[in-house]
Amino acid sequence: MKFGILVQEGPYNHEASDSAYHFIQAALAKGHEITGVFFYNDGVTNTTKLMDIPADDRHISKRWSELGAKGVELIVCVAAAKRRGISPDVLIDNARIDGLGQLSELCIESDRLITFGD
Amino acid sequence: MEEQAPRKIMFVNRRAPHGSIYAYEGLEVILIFGAYDQEISAVFLDDAVFSLKKGQDTSELGVKEFSATFRALEAYGVENRYVEKESMEQRGLTLDDLIMDVEVVDGATLRKAMGEQDVLLPF
């Protein structure tokens, strides 16, 4: 099945980002396709490479970047990113900043759009 | 992209217009999706019914007052606009209190309509 993913909450403060990440890992392991991950609302703050995390905790933005390196499309909403200081300068590798039209495309091309939010 | 039937996409607005950014950023998504020739619905339930209340004044909050933009939903291709009856009644509101014409549906009807969607987007 083709899954599109919407992440609406920021990292650490809320479980949504972790749940999305684990869902994607499980879906890929079962042979499903991830059409893309769209970061919106505070979810855009998952994608800053400025995070500096103690070694005994998961590094959420690094984890997303590694998923992107495996070919999962990571799309960060430009309008939401601008509000929160997520610019191309601080964006993790393997993600891109793009418009809300990309979320619309995910809704159209995916069998299911799964929202991880509050 | 190959031709396919329009997707049924429903925006489920649940939160008050102010106090968090969800209502505003949700509205931004609805306006963009209207341009994509899909079958778009917007439903207002729980505290989101306050988003449609007439006479909002945010001057003392120091935030943008955007309720008028909801009136543009029809022009933006949002064919179906619903308010949940129970949410409206619980808050002492009637259609006369709202800034735009919407269809009032009860919770059971709404649940059925949700079940018929391809995509639900909660805000």
Side-chain angles (χ1 to χ4, degrees), chain A residues 1-10 13-17 19-20 23 27 32-47 73 75-86 97-118, chain B residues 1-43 45-48 51 62-64 66 69 72-73 76-80 114-123:
Chain A
M1 191 171 269
K2 292 180 179 181
F3 289 110
I5 307 295
L6 171 62
V7 179
Q8 292 183 319
E9 297 296 330
N13 195 62
H14 199 290
E15 193 185 354
S17 165
S19 299
F23 175 87
H32 297 294
E33 182 186 337
I34 303 296
T35 49
V37 185
F38 194 87
F39 296 93
Y40 195 55
N41 302 127
D42 273 0
V44 298
T45 59
N46 280 282
T47 61
E73 242 192 312
I75 308 153
V76 185
C77 172
V78 60
K82 280 187 172 181
R83 282 195 186 104
R84 296 164 177 87
I86 305 297
I97 295 177
D98 210 330
L100 278 167
Q102 295 298 305
L103 176 60
S104 177
E105 299 288 352
L106 281 187
C107 289
I108 294 167
E109 72 192 28
S110 308
D111 297 311
R112 293 279 189 282
L113 192 284
I114 316 280
T115 298
F116 293 88
D118 192 55
Chain B
M1 187 183 298
E2 60 188 281
E3 287 291 318
Q4 62 176 34
R7 302 282 270 174
K8 290 179 187 232
I9 301 173
M10 177 180 276
F11 288 88
V12 184
N13 301 289
R14 303 172 294 154
R15 293 180 176 96
H18 304 292
S20 74
I21 201 171
Y22 297 105
Y24 183 73
E25 287 195 325
L27 177 60
E28 290 195 328
V29 184
I30 302 175
L31 295 178
I32 296 288
F33 273 48
Y36 278 78
D37 285 336
Q38 306 299 308
E39 197 177 320
I40 310 286
S41 305
V43 53
L45 53 83
D46 296 347
D47 277 348
S51 289
V63 298
K64 187 153 49 170
F66 57 93
T69 313
L73 290 185
Y76 273 82
V78 181
E79 295 142 36
N80 311 301
M114 285 177 169
E116 292 165 355
Q117 303 299 313
D118 295 306
V119 179
L120 294 170
L121 287 168
F123 282 101

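Just so it is clear: chains get the letters A, B, ... in the order the sequence lines come, proteins before strands, and each one is counted from 1.
- Remark: A:Glu15 CD is loosely packed, at most 12 non-hydrogen atoms of other residues, nucleotides or ligands lying under 6.0 Å away.
- In terms of heavy atoms, A:Ile108 sits closest to B:Arg7 at O-NE, 3.6 Å.
- Scanning both residues, B:Glu28 and A:Ala79, for their nearest heavy atoms gives OE1-CB, 4.3 Å.
- Contacts with chain B (heavy atom to heavy atom, under 4.5 Å) involve these residues of residues 34-43 of chain A, listed by number: A:Tyr40, A:Asn41.
- Side-chain atoms of A:Cys107 and B:Phe33, non-hydrogen and from C-beta on, do get closer than 4.5 Å to each other.
- For B:Val29, the parts lying under 4.5 angstrom from a heavy atom of chain A are both the backbone and the side chain.
- The CD atom of A:Gln8 sits 5.0 Å away from atom CZ of B:Phe123, with the distance rounded to the nearest 0.5 Å.
- Counting heavy-atom pairs closer than 4.5 Å to chain B, the top residue among A:Asp111, A:Ile114, A:Leu103 is A:Leu103.
- Here the side chains of A:Asp118 and B:Arg15 are in contact, with some heavy-atom distance below 4.5 Å.
- Counting heavy atoms of neighbouring residues, nucleotides and ligands inside a 6.0 Å radius, atom OH of B:Tyr76 does not exceed 12 of them.
- Contacts between B:Glu25 and chain A at a heavy-atom distance below 4.5 Å involve backbone atoms as well as side-chain atoms.
- For A:Thr115, the part sitting under 4.5 Å from any heavy atom of chain B is the side chain, from C-beta outward, and nothing else.
- A:Arg84 CZ: more than 12 foreign heavy atoms inside a 6.0 Å radius.
- To the nearest 0.5 Å, atoms OG (A:Ser110) and CG (B:Asp118) are separated by 11.0 Å.
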